[in-house]
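The structure under discussion appears below in the form of structure tokens.
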Amino acid sequence: MKSNITFGVSTWLWQSPFTTNSIALFPKIKSMGFDVVEIPLENPSLVDVAQVKQALSDNGLTPTVCIVFGDDKDLTAADPIFHDNCFEFAKRCFEQAKALEVNFVAGPLYAAVGKARLATDEQRKIEWDRSVRNLGKLASLAREHALQIALEPLNRFESDLINTADEVMRLIGDINEDCVKVALDGFHMTIEENNIRKAINSVGDKLIHVQVSENHRGIPGTGLTPWQDFADGLKDIEYNGAMVIESFTPEIRELAAAVNIWRKLADDQDSFAKQGLEFLKRTFND
């Protein structure tokens, strides 16, 4: 069966945060051969959605949207103000996502990114239950905007709550909301999964979004990722969504520090995108 995967790239590869001016990247992204551009909404107040939507149309690009919760936004926190911050931020992002006519927002929305500690079993249970309860509320908010949310497992250095496909499926089962789905990122999977093909199969039709880079966050095809297992897993479940290259520019020091990128991963970011896309098309379009 021929793959129906469409290929995209995150604007994080070049810039952070995404602003209205980031649409200047769109002609280049399209000329490289991408059909999808991932928009990370870090600060919705910096984005004129009407201009972004027009630029997407002008360049023949389809958007996807991802968001993350920072230190002041945490659905597992004891203080409800952190939950309220999540809901307020998510509502603004959901409004923009709806205006961009996407049907889901992806990200590790169950907790603040970077919350990784050796918590007791009792504390983990408390925070798990908070996450389940608050993600139920977030799911209701997403439905009001005709959206799904795709929860992304992170590696152990970025989250102590959800690291694997099995864990995210257990979380989704506890939430028990039809609009809650899964996003998988190959970078995190190479750290946490025993078998990438089996992990993808365990998620099945809950998988609605895929992000990739190498195991070292570099250009796909230049590291240790078992790409054939990845391709076989996606074929097994007949995945037909987007596959987005997600990595980060070392030129934005705050962003590079947040994701622990201490060295250049390519000669330049344009080469990263071009070489990565060529490899992905060879691997996943057979």
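One is the number of the first residue; the rest follow in order along the sequence.
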Next item on the list: Can you establish whether the number of heavy atoms outside Lys198 located under 6.0 Å from its atom NZ is more than 12?
Entry: no

Note to self: Quick one, Phe87 and Leu138 - any side-chain contact, counting heavy atoms below 4.5 Å?
What the structure shows: yes

Check: Are Asp72 and Asn85 linked by a side-chain donor-acceptor pair shorter than 3.5 Å?
Finding: no

Item checked: pair Ile162-Leu151: side-chain heavy atoms closer than 4.5 Å -> no

Next item on the list: Indicate the ring-plane relationship of Phe104 and His209, choosing parallel, tilted or perpendicular according to the 30° and 60° boundaries.
Entry: tilted

Next item on the list: Compute whether any side-chain donor of one residue and acceptor of the other, for Ser22 and Gln15, lie under 3.5 angstrom apart.
Entry: yes

Margin query: So if I apply the side-chain contact (heavy atoms from CB on, under 4.5 Å) rule between Val37 and each of Thr64, Ile29, Thr62, which one comes out positive?
Written below: Ile29

Next item on the list: Using modelled atom types only, decide if a donor and an acceptor are shared between the side chain of Ser31 and the backbone of Lys28 within a distance under 3.5 Å.
Entry: yes

Next item on the list: Please check if atom CD in Glu88 has more than 12 non-hydrogen atoms from other residues, nucleotides or ligands closer than 6.0 Å.
Entry: no

Check: If we only count heavy atoms from C-beta on, is the Asn194 to Thr164 side-chain gap below 4.5 Å?
Finding: no

Notebook entry, point to check: Okay, side chain of Lys264, backbone of Asp267: is any donor-acceptor separation there less than 3.5 Å?
Noted result: yes

Check: Under the criterion side-chain contact (heavy atoms from CB on, under 4.5 Å), which of Ser10, Pro17, Cys93 is the partner of Pro40?
Finding: Ser10

Check: Among Lys137, Arg133, Arg143, which residue meets the salt bridge (charged side-chain N to carboxylate O under 4.0 Å, His left out) test with Glu177?
Finding: Arg143

Check: Okay, side chain of Arg217, backbone of Glu246: is any donor-acceptor separation there less than 3.5 Å?
Finding: yes

Margin query: So does Val49 get a backbone contact from the side chain of Gln96, meaning a donor-acceptor N/O pair under 3.5 Å?
Written below: no

Item checked: With Ile67, the side-chain contact (heavy atoms from CB on, under 4.5 Å) member among Ile149, Val105, Ile39 -> Val105

Checklist line | Salt-bridge present (Glu144, Lys91; N to O < 4.0 Å) | finding: no

Notebook entry, point to check: Distance-only, no hydrogens or angles: does the Ser213 side chain make a donor-acceptor pair with backbone N or O of Phe187 under 3.5 Å?
Noted result: no

Notebook entry, point to check: So with a 6.0 Å cut-off around CG of Asp71, is the heavy-atom count from everything else above 12?
Noted result: no

Check: Is the side chain of Lys30 donor-acceptor paired with the backbone N or O of Gly60 at a distance under 3.5 Å, no angle test?
Finding: yes

Margin query: Whether the Thr225 and Glu214 side chains hold a donor-acceptor pair (N or O, under 3.5 Å, no angle test) is what I'd like checked.
Written below: yes

Next item on the list: Answer whether the closest heavy-atom distance between the side chains of Leu135 and Tyr110 falls below 4.5 Å.
Entry: yes

Note to self: Within a 6.0 Å radius of atom CG on Asp79, are there more than 12 heavy atoms belonging to other residues, nucleotides or ligands?
What the structure shows: yes

Checklist line | Whether Phe284 and Phe230 hold their rings parallel, tilted or perpendicular, with breakpoints at 30° and 60° | finding: perpendicular

Note to self: Could you check whether any side-chain N or O of Gln148 sits under 3.5 Å from a backbone N or O of Lys181, counting only pairs where one atom can act as donor and the other as acceptor?
What the structure shows: no

Note to self: Treating Gln269 as the side-chain partner and Leu13 as the backbone partner, does any N or O pair qualify as donor plus acceptor under 3.5 Å?
What the structure shows: yes

Notebook entry, point to check: Less than 4.5 Å apart, any side-chain heavy atom of Arg170 and any of Trp128?
Noted result: yes

Check: Do side-chain atoms of Ser16 reach the backbone of Trp12 as a donor and acceptor pair under 3.5 angstrom?
Finding: no

Next item on the list: Find out whether Thr249 and Trp14 are in side-chain contact, i.e. whether some heavy atom of one side chain is under 4.5 Å from a heavy atom of the other.
Entry: no

Margin query: Whether the side chain of Asn103 engages the backbone of Leu147 through a donor-acceptor N/O pair (distance < 3.5 Å, no angle test) should be reported.
Written below: no

Margin query: Do Val36 and Leu184 land in one hydrophobic cluster if side-chain heavy atoms of ILVMFWY residues count as linked below 4.5 Å?
Written below: no

